[in-house]
Amino acid sequence: LSGGVYLGGTGAANKLEDYEEGTWTPTGFSGGTVYNARYTKVGRLVTASAYVNGVTFTADMGGLPFTSEQGWSAGTLGLNDSTNLNNCEVPSSSTLIQFRQGATSVVPNGSGLMVSITYHAA
């Protein structure tokens, strides 16, 4: 977007100057395969997704392509063969996806997971 583009009006608030697509490298597990770890960034809004299969989780999933702003962002889980988690989030000022069982932070105990998260970059 060399110079940007105006969406819905010509005011400064309507100018989009940043659009990016790419891949990212999830971390926090060993073994297995990562499929379709992709992101799209429009302005400060980032959507990242990945499918990991046949892995052993050792920590939160790291490696998000941009550090999040202050505040928390919720994500969604697709395929989830872990028995100890039901949601995920990006913590404040982080490049991690934290997995949770209710309000408790957990390390997934399964080997397959599809995750999608949308958050604001700092």
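All figures in this text were calculated on a predicted structure; none of them were measured in a lab.
- Looking at heavy atoms from C-beta onward, Tyr35 lies in side-chain contact with Asn53 at the 4.5 angstrom threshold.
- Within the 4.5 Å cutoff, no side-chain heavy atoms of Phe99 are placed close to those of Asn87.
- Using a 4.5 Å heavy-atom cutoff, the side chains of Val115 and Val52 are not in contact.
- Ile117 has its side chain out of reach of Ser49: every pair of non-hydrogen atoms, C-beta onward, lies at least 4.5 Å apart.
- The two residues Asn14 and Gly9 have their closest heavy-atom pair at CB-O, 3.3 Å.
- Residues Val90 and Leu96 are not in side-chain contact: their nearest non-hydrogen atoms beyond the backbone lie 4.5 Å or more apart.
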Check your understanding: Is there a side-chain hydrogen bond (donor to acceptor under 3.5 Å, both in side chains) between Ser73 and Glu89 once you walk through the steps?
Key -> CA-CA 5 Å; Ser73 301; Glu89 64 192 13; over 6 Å; no

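- Looking at heavy atoms from C-beta onward, Thr56 lies out of side-chain contact with Phe29 at the 4.5 angstrom threshold.
- With hydrogens and angles left out, the side-chain atoms of Thr47 and Thr118 include a donor and acceptor closer than 3.5 Å.
- Interatomic distance, CG of Leu85 versus CG of Asn109, reported as 7.5 Å (0.5 Å rounding).
- No donor-acceptor distance shorter than 3.5 angstrom exists from the side chain of Asp60 to the backbone of Gly28, with no hydrogens or angles considered.
- Residues Phe66 and Tyr39 bring their aromatic ring centres within 6.0 Å.
- Side-chain contact of Tyr19 with Glu17: a donor-acceptor pair under 3.5 Å is absent, judged by distance alone.
- Residues Asp81 and Ser111 meet the side-chain proximity criterion, which asks for heavy atoms closer than 4.5 Å.
- Within the 3.5 Å criterion, the main-chain N or O of Pro108 finds no donor-acceptor partner in the side chain of Ser82.
- Side-chain atoms of Ser68 come within 3.5 Å of backbone N or O of Pro91 as a donor-acceptor pair.
- For Arg44, the salt bridge (Lys or Arg N to Asp or Glu O under 4.0 Å) criterion is met by Glu69, not counting sequence neighbours.
- Side-chain atoms of Asn80 do not come within 3.5 Å of backbone N or O of Met114 as any donor-acceptor pair.
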